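Since the structure is predicted, the reported quantities are computational estimates derived from the model, not experimental observations. What you see below is based on every heavy atom in this structure, not just the backbone, and it leaves out hydrogens, waters and symmetry mates.
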Number of protein chains: 2
Amino acid sequence: MSEHTYKFDVKMSCSGCSGAITRVLTKAKESGGVSEFEVSLEKQEVLVKSKESYDIIREKIAKTGKEIRSGVTIE
Amino acid sequence: MSEHTYKFDVKMSCSGCSGAITRVLTKAKESGGVSEFEVSLEKQEVLVKSKESYDIIREKIAKTGKEIRSGVTIE
């Protein structure tokens, strides 16, 4: 199964907000569901590279309770 | 099955942090898993009343990526 990169616009107000998403994605990386990721508080952006579907990754981020303004598959 | 009240000490830095937990618990309340809850940024405290086990509620909060410093069943 090929990998994709997904980009999400996520509302993050402080480093505690971005840290929460980082913690969740770090766990997902450890368990193999995510191969790479980047969380930027400044850009309000979460980039995720994964073999999983867009919906699965989106749901993982949604479970943090953070508001996802938009999301897109970029490659 | 009887209800219990659980109290968690959760690291929350801003209203975005507490809002994320509120969003997750609101969803849980809508789906019937939680009957009442209270999130206090000031006290760094999350109170949850539920028929579910301590572990299930703890996991729900943990999935937000927030650091849970401690948790206890208070009744």
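Grouping the Ile, Leu, Val, Met, Phe, Trp and Tyr side chains by contacts below 4.5 angstrom, directly or via other members, places A:Ile21 with A:Tyr6. Placement of B:Ile57 and B:Tyr54 within a single hydrophobic cluster is found when ILVMFWY residues are connected by side-chain heavy-atom separations under 4.5 Å, directly or transitively.
Among the candidates A:Ser13, A:Ser15, A:Cys14, the single residue satisfying the side chain to side chain contact (heavy atoms under 4.5 Å, CB included) test with B:Ser13 is A:Cys14.
Near-neighbour residues of residues 24-44 of chain A relative to chain B, defined by a heavy atom under 4.5 Å from a heavy atom of that chain, comprise A:Val24. Within residues 60-75 of chain A, the residues having any heavy atom less than 4.5 Å from a heavy atom of chain B are, in residue-number order, A:Lys63, A:Thr64, A:Gly65, A:Lys66, A:Glu67.
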